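These notes concern the structure reproduced below.
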Amino acid sequence: ANDVAARVTELHETLHKYNYQYYVLDDPSVPDSEYDQLFQELKNIESEHPEFISPDSPTQRVGDKPLAAFTTVTHEMPMLSLDNVFDETEFRAFDQRIKKLLGLTEQDTVEFACEPKLDGIAVSLLYEDGLLVRGATRGDGSQGEDITLNVRTIPSIPLKLTGDGYPKRLEVRGEVYMPKKGFHRLNETAKAAGEKAFVNPRNAAAGSLRQLDPKLTAKRPLEFCCYSAGIVEGGALPESHYAVLNQFKAWGFLTNKEMACVQGIDACLEYYKGLEAKRDHLAYEIDGIVFKVNRFDLQKRLGFVSRAPRWAVAHKFPAQEKITV
Ligand SMILES: Cc1ccc(Cn2cc(C(N)=O)ccc2=O)c(C)c1
């Protein structure tokens with residue numbers, strides 16, 4: 001039996017590696033057929049030897065029975081909302097306020113982390129000893145719904161963290177979204193089946209996460225992109241936001257390949273204009289750019305006003321005329 005155990009371990013490690021290459025690096029080293037062959041081999045071993053089934057096995061993503069209802073999760077750390085700015089004047093005022101509060105001069109520049117604001121659903125993922133133990137929606141920021149069974153079906157959400165050095169308890173926050181291609185394919189299928197179409201990818205992602213039956217969620221083309229940490233216990237993270245995102249990528253999470261770290265508000269405006277120009281060609285819908293003061297020590301000095309941090313804003317794009325599908 002220990003050669004079965006050895007083979008199971010080897011299959012876990014190999015499939016985990018291939019998933020990472022495919023979903024996080026977007027650079028598979030083997031054809032889908034080879035992945036599928038190993039996946040089927042693991043499924044066969046598990047059906048003959050159920051004692052070898054573990055929660056982090058790639059075969060355990062789709063739960064079999066629907067929930068009667070979602071239970072409520074109280075976030076140990078509230079999931080914050082961001083202040084919006086809508087134009088360059090407001091954006092520059094944001095930068096001025098920060099420099100004033102930090103005692104910086106006109107000539108000084110603050111380093112900002114820049115990320116597209118994906119138009120999806122904010123989700124919290126809790127990992128204990130590297131294993132995914134809970135997924136929850138943001139809800140009202142203090143309480144959300146437990147959607148663990150549904151987030152497990154999303155291939156770009158790791159069931160087990162990659163590599164090592166992660167904290168004992170780590171909460172990873174990010175956006176669950178539906179890429180445009182998957183959205184249009186889903187609506188074609190819905191229309192062909194005489195079902196209602198979704199108005200936009202954000203609603204489609206929300207509707208897919210709110211399914212009580214994880215088998216339905218598993219059929220929806222959802223992705224997860226991380227954007228911050230929540231709880232960190234029994235370990236430490238890097239000292240800046242951008243470094244944390246790169247660390248999350250090493251631990252198995254998808255990060256947005258447009259993300260950048262720039263010096264000063266003028267560079268932020270260049271980044272904003274650059275991304276606005278290519279917004280229609282992106283594989284996913286975005287409704288602005290999130291700019292964060294990159295260094296955590298400066299974030300701490302700036303703090304929050306009520307629930308929104310002083311150190312970050314979402315700089316929104318002008319609303320687009322919605323095409324009716
Ligand atoms: C049959 C089949 C198997 C796998 C996949 C997608 N895919 C590929 C890999 C890979 N190439 O490393 C890894 C994970 C994964 O999910 C598709 C689309 C179809």
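None of the values given here were measured: they were computed from a predicted structure. Note that ligands are numbered from 1 as they come in the structure, with each ligand's atoms numbered from 1 the same way. The analysis underlying the following values was restricted to heavy atoms, covering all of them including side chains, and did not include hydrogens, waters or symmetry mates.
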Kindly confirm or rule out an N or O of [X] lying under 3.5 angstrom from an N or O of ligand 1.
X	answer
Tyr23	yes
Ser29	no
Val30	yes

Atoms of ligand 1 under 4.0 Å from any heavy atom of Asn19, numbered from 1 in the order shown, are 14 (C)
If we number the atoms of ligand 1 from 1 as shown, the ones under 4.0 Å from a heavy atom of Pro31 are 11 (N)
Return yes if a side-chain donor-acceptor contact under 3.5 Å exists between Thr162 and His16, otherwise no. yes
Margin query: Side chains of Ser33 and Asp36: any donor to acceptor distance under 3.5 Å?
Written below: no
The protein heavy atom nearest to atom 2 (C) of ligand 1 is Asp32 CB, 3.8 Å
Among non-hydrogen protein atoms, atom 4 (C) of ligand 1 lies closest to Tyr35 CD2, 3.6 Å
Note to self: Closer than 3.5 angstrom, by distance alone: can the side chain of Thr153 be matched with the main-chain N or O of Val62 as a donor-acceptor pair?
What the structure shows: no
What is the ring orientation for Phe91 with His315, classed by angle as parallel under 30°, tilted 30 to 60°, or perpendicular over 60°? tilted
4.0 Å heavy-atom contact, Pro155 with ligand 1: no
Correct closest heavy-atom pair for Pro318 and Tyr272 would be CD-OH, 4.2 Å
(Q) Can you confirm whether more than 12 heavy atoms, excluding those of Arg210, are under 6.0 Å from its CZ atom? (A) no
*Is it the case that more than 12 heavy atoms not belonging to Lys316 sit under 6.0 Å from its NZ atom?*
yes
Closest to atom 6 (C) of ligand 1 (heavy atoms only, candidates Tyr18, Tyr22, Tyr20, Phe39) is Tyr22
